[in-house]
Amino acid sequence: MFDSLSDRLGGVFDRLRGRGALTEADVRTAMREVRVALLEADVALPVARKFVDDVTEKAIGQDVLRSVTPGQQVVKIVNDELIAMLGPDTAELEINVSPPAVIMLVGLQGSGKTTTTAKLAKRLSGTERKKVMMASLDVNRPAAQEQLAVLGQQAEVATLPIVQGQQPVDIARRALQSAKLQGHDVLLLDTAGRLHVDQALMDEMKAVADIAKPAEILLVVDSLTGQDAVNVATSFSEQVPLTGVILTRMDGDARGGAALSMRSVTGKPIKFAGMGEKLDALEAFHPKRVAGRILG
Ligand code: GDP
């Protein structure tokens, strides 16, 4: 991941560090190269532009250029800004509410929502020892509810029994009741995806959220779709009160643009990264580690 971006930035940094003194023009030239590297990694244009402007301002506005190691200082500023762009800390799930804490997963079809629901359920019931139940509200995609039931068996997590013909809001209501009765700590709701963002999808999510009062609404997006992932996240965050993002297929994402742009564009933290198809391939998203990987 981030190999090409990392190489490009490494080259820019070597040139900066290699010089004893730096002029303002040197910094501007280096930052132009950083900007191209970010855009090639598929970082959203406004994000790349702001990043470079912020770094440039800090690098030439302070006493950096007159310091003993100006190159080193500029590299440090880039590092700090990169961490700020990714989000300063790992964002935890906020599920300390009276049980069951409801986590809604939303997103487009094929983004990895159902798999991620099961991964999250497995993680919460395993390492975090919560009593977890999952329910699929996806009545559009044939066999979506069955798919979650199969994943539930693999993850050894309870799933709400399927009642054919029931609509999402009614399934949510039944799931909530059932989770309460059976003393579950967490209820994960896998909502229906669509091929594109559309109003019916948004209305359905809002209706479910009204009933379920989720502690978390997590948007699942495919990191491989780059800037599209960011556009999808922007559309969703305008309509539903998202609390975070899960980026899937980070295992295959060589460029990293979605990961880098997501927080700046949506204002929401990336909470987890999907790192493969297996149910234990879900990692907490660590901004500092990711920044470290990019900076090599
Ligand atoms: P949904 O339509 O959003 O519910 O998507 P699914 O959960 O059915 O996932 C679609 C495909 O993506 C499946 O083949 C999953 O195994 C795969 N998938 C999901 N998350 C990841 C991930 O993090 N990495 C990889 N490599 N594949 C994933």
Side-chain angles (χ1 to χ4, degrees), residues 1-3 42 93 103-124 126 132-155 157 159-160 162 168 171-172 175 187-198 200-202 204-205 208 214 216-226 228-233 235-237 240 242 244-260 262 269-286 289-290 293:
M1 215 196 313
F2 302 118
D3 283 353
D42 209 18
L93 284 178
I103 302 177
M104 255 175 90
L105 285 94
V106 301
L108 296 186
Q109 202 166 303
S111 59
K113 199 158 33 60
T114 304
T115 314
T116 305
T117 305
K119 285 178 176 178
L120 203 50
K122 186 168 186 205
R123 183 185 177 98
L124 289 167
V132 182
M133 179 188 234
M134 304 191 284
S136 167
L137 311 186
D138 190 348
V139 297
N140 297 333
R141 183 159 64 92
Q145 298 187 71
E146 287 78 3
Q147 184 192 346
L148 191 69
V150 170
L151 291 172
Q153 280 170 359
Q154 286 171 19
V157 171
T159 48
L160 184 76
I162 298 168
I171 302 176
L187 170 64
L188 289 149
L189 297 178
D190 179 17
T191 61
R194 296 279 200 284
L195 290 177
H196 309 284
V197 175
D198 68 29
L201 169 76
M202 296 297 175
E204 182 179 299
M205 277 185 315
V208 169
E216 289 271 1
I217 305 182
L218 300 173
L219 175 70
V220 179
V221 280
D222 179 353
S223 66
L224 293 183
T225 59
D228 272 348
V230 177
N231 295 338
V232 166
S235 308
F236 273 79
S237 64
V240 284
L242 298 180
V245 174
I246 300 182
L247 273 184
T248 60
R249 300 205 180 87
M250 287 281 280
D251 48 310
D253 180 22
R255 301 209 285 171
L260 283 164
M262 198 56 81
I270 300 170
K271 295 202 168 180
F272 296 97
M275 297 298 293
E277 298 200 33
K278 297 224 171 73
L279 291 184
D280 50 10
L282 183 75
E283 294 181 2
F285 187 81
H286 294 286
R289 269 189 228 163
V290 174
R293 218 175 289 167

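Numbers for residues simply follow the sequence, beginning at 1. As the structure lists them, so they are numbered: ligands from 1, and atoms in each ligand from 1.
Here the closest non-hydrogen pair linking Glu277 and Thr115 is O-CG2, 3.9 Å. Shown here for Val132 and Val157, the closest heavy-atom pair between the two residues is O-CG1, 3.6 Å. Annotation for Gln145 and Val139: closest pair NE2-CG1, 4.0 Å, computed over non-hydrogen atoms. Taking each heavy atom of Arg255 and Phe2 in turn, the nearest pair found is O-CD2, 3.6 Å. Residues Lys119 and Ala281 come closest through the heavy atom pair NZ-O, 3.0 Å. Across all their heavy atoms, Ala155 and Lys122 have their closest contact at CB-CB, 4.0 Å.
The shortest distance between side-chain heavy atoms of Glu146 and Ile162 falls below 4.5 Å.
Atom 5 (O) of ligand 1 has as its closest protein heavy atom Gly112 N, 3.1 Å. For atom 3 (O) of ligand 1, the nearest protein heavy atom (residue, atom name, distance) is Lys113 N, 2.7 Å. What sits closest to atom 21 (C) of ligand 1 on the protein, heavy atoms only, is Gly276 O, 3.6 Å. Protein heavy atom at the shortest distance from atom 4 (O) of ligand 1 is Thr114 OG1, 2.7 Å. Remark: minimum distance from atom 8 (O) of ligand 1 to any protein heavy atom is reached at Gln147 NE2, 3.1 Å. The nearest heavy-atom contact from the protein to atom 15 (C) of ligand 1 is Thr115 OG1, 3.6 Å. If you check which protein heavy atom lies closest to atom 2 (O) of ligand 1, you get Gly110 N, 2.7 Å.
Summarising the contacts of atom 11 (C) of ligand 1 with Gln109, Arg249, Glu277, Lys119, the nearest heavy atom is found in Arg249.
One N or O on the side chain of Ser223 and one on the backbone of Thr248 form a donor-acceptor pair closer than 3.5 Å.
Heavy atoms of Ala281 stay at 4.0 angstrom or farther from ligand 1. By the 4.0 Å heavy-atom criterion, Thr117 is excluded from the residues contacting ligand 1.
Annotation: Met250 places no N or O atom under 3.5 Å from an N or O atom of ligand 1; distance criterion only. At a 3.5 angstrom cut-off on N or O pairs, Thr116 does not count as close to ligand 1. Considering backbone and side-chain N/O atoms, Asp251 comes within less than 3.5 Å of an N/O atom of ligand 1. Between Ser111 and ligand 1, an N or O atom pair is found at a separation short of 3.5 Å.
Only one option out of Leu93, Asp190, Ile217, Leu189 pairs with Ile103 in a side-chain contact (heavy atoms from CB on, under 4.5 Å); it is Leu93. Considering Val208, Val221, Leu218, Leu242 as possible partners of Val106, the one that fulfils the side-chain contact (heavy atoms from CB on, under 4.5 Å) test is Leu242.
Listed by number with element, the atoms of ligand 1 under 4.0 Å from a non-hydrogen atom of Met275 are 23 (O). The Leu108 neighbourhood of ligand 1 comprises atoms 3 (O), with distances under 4.0 Å to a heavy atom of that residue. The atoms of ligand 1 that sit less than 4.0 Å from any heavy atom of Gly274 are 23 (O).
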### Query
Stepwise, does the side-chain contact (heavy atoms from CB on, under 4.5 Å) test hold for Asp253 with Met250?
CA-CA 5 Å; Asp253 180 22; Met250 287 281 280; 4.1 Å; yes
